[in-house]
There are 2 protein chains.
Amino acid sequence: MDSSELKRAGLKATLPRLKILEFLENSKVRHMSAEDVYKALLESGEEVGLATVYRVLTQFEAAGLVVRHHFEGGQSVFEMEHGEHHDHILCVRCGKVDEFVDETIEERQKKIAKEKGYSMTDHSLYIYGVCGECQKEE
Amino acid sequence: MDSSELKRAGLKATLPRLKILEFLENSKVRHMSAEDVYKALLESGEEVGLATVYRVLTQFEAAGLVVRHHFEGGQSVFEMEHGEHHDHILCVRCGKVDEFVDETIEERQKKIAKEKGYSMTDHSLYIYGVCGECQKEE
DNA sequence: AAGCAAATGAGAAGAGTTCTCATTCTTATT
DNA sequence: AATAAGAATGAGAACTCTTCTCATTTGCTT
Ligand SMILES: [Mn+2]
Ligand SMILES: [Mn+2]
Ligand SMILES: [Zn+2]
Ligand SMILES: [Zn+2]
């Protein structure tokens, strides 16, 4: 296990943190709720408390290792930070998540913030729709 | 009290619904949580149950009288529907909410949905920042 | 005015998340 | 390698926001 990433983030290399980080890095699914992470770890035989999963994900977020999203549906969704900021388009039927980057939108947002007198700190953009697959069914 | 708006929406003109609708229409604050509405009604001496406020706001939403937003912070926020779709920019310090419309962004979103093969149903865009007022303090 | 379906409201319940605190683990120091 | 001190963990309680349940009340039609 590679504890250097945790150390670099200023976090002690504890077993739960290592397990969660490893899981996030190796998972084929990019966007996961705390519960998702918790269950997946349980199923692979790892003993980690749910409270710890929540705590650690929040710490990872603060450390910039992970990004939190608020998709519709109430629960926070996390994904490994991988450099480039991006936004999301989600299927309201099957839950599929796609990512995109649009410089025009990014620029426009900055412009709007400036016009309104705000110093922009963040933004969130979600497009909802029915994905190609789900359109076929029916 | 004007019950025609409710009738038109296919809703019985009950007292709680009339009170809530009247309050939303006359409130100077445009964006309010269910709790906000509930408390405001209590303070003005109106007896309405919290469960009813939640229920009625959801019905108003389904009827298109009201729009629901998911601002950061967990609770749903409602506002009277007034024709034009718009997005929001919010102050992370004082909670101020401003509205804007940007056709370029709207178009881009449609384009992205099409490119990704989605039939777009909805979208949500929030810009977060520090408003002019709050920038002065400090 | 009567009858009936629909709506209400109080409180229980549910979902997601955070908190509490006794126990365990990590890391620095011998 | 053993020790000490502080940090992290995990079980469950607690919390927030929202929905559900169901006995009672209300609105609307006749
Ligand atoms: Mn993503
Ligand atoms: Mn608005
Ligand atoms: Zn789909
Ligand atoms: Zn402000």
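Letters A, B, ... are given to chains in the order of the sequence lines, protein chains preceding strands, and every chain is numbered from 1.
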Those residues that, when tested against A:Thr52, pass side-chain hydrogen bond (donor to acceptor under 3.5 Å, both in side chains) (two or more places apart)
A:Arg55
Rounded to whole Å, the NE2-P distance (A:His70 to D:dC17) equals 14 Å
Pick base, sugar-phosphate or nothing for B:Ala13, based on heavy-atom distances below 4.0 Å to the nucleic acid.
sugar-phosphate
Value in whole Å for how far the C1' atom of D:dC15 lies from CD of B:Glu35
13 Å
Got a sec, which residues hit side-chain hydrogen bond (donor to acceptor under 3.5 Å, both in side chains) with B:Arg30, two or more places apart in sequence or on another chain?
B:Glu79, B:His82, B:Glu99
Can you work out whether A:Tyr38 or A:Arg17 has the more 5'-proximal nearest nucleotide on DNA chain D?
A:Arg17
Given atom NZ of B:Lys12 and atom P of C:dA7, what is their separation to the nearest angstrom?
5 Å
Give me each pair satisfying ring pair (Phe, Tyr, Trp, His ring centres under 6.0 Å) with a member in residues 35-61 of chain B, each pair once, sequence neighbours excluded.
none
Report yes if a side-chain nitrogen or oxygen of B:Thr14 is closer than 4.0 Å to either non-bridging phosphate oxygen (OP1 or OP2) of C:dA6; otherwise report no.
no
Residues forming a side-chain hydrogen bond (donor to acceptor under 3.5 Å, both in side chains) with A:Glu25, sequence neighbours excluded:
none
Does B:Ser76 place a side-chain N or O at less than 4.0 Å from the phosphate oxygens OP1/OP2 of D:dC17?
no
Taking atom C1' of D:dC28 as reference, at what distance in whole Å does atom CG of B:Leu18 sit?
14 Å
Which residues in residues 47-57 of chain B have a heavy atom closer than 4.0 Å to any atom of DNA chain D?
B:Ala51, B:Tyr54, B:Arg55
For the pair made of CG in B:Leu6 and P in C:dT8, what is the distance, rounded to whole Å?
10 Å
Return the set of residues passing side-chain hydrogen bond (donor to acceptor under 3.5 Å, both in side chains) with A:Asp102 (not counting sequence neighbours), or none when no residue passes.
B:Arg108
Are B:His69 and B:His88 an aromatic pair, judged by ring center distance below 6.0 Å?
yes
Over how many whole Å does the gap from A:Leu11 atom CG to D:dA8 atom C1' extend?
11 Å
Please compare A:Val77 and A:Pro16 by the position of their nearest nucleotide in DNA chain C and report the one closer to 5'.
A:Val77
In this structure, how many angstroms lie between the P atom of C:dG16 and the CE atom of A:Met32, rounded?
17 Å
With a 4.0 Å cut-off on N to O distance, would you call B:Glu106 and B:Lys110 a salt bridge?
no
Could you state the CD-P distance from A:Glu72 to C:dG16, rounded to the nearest angstrom?
15 Å
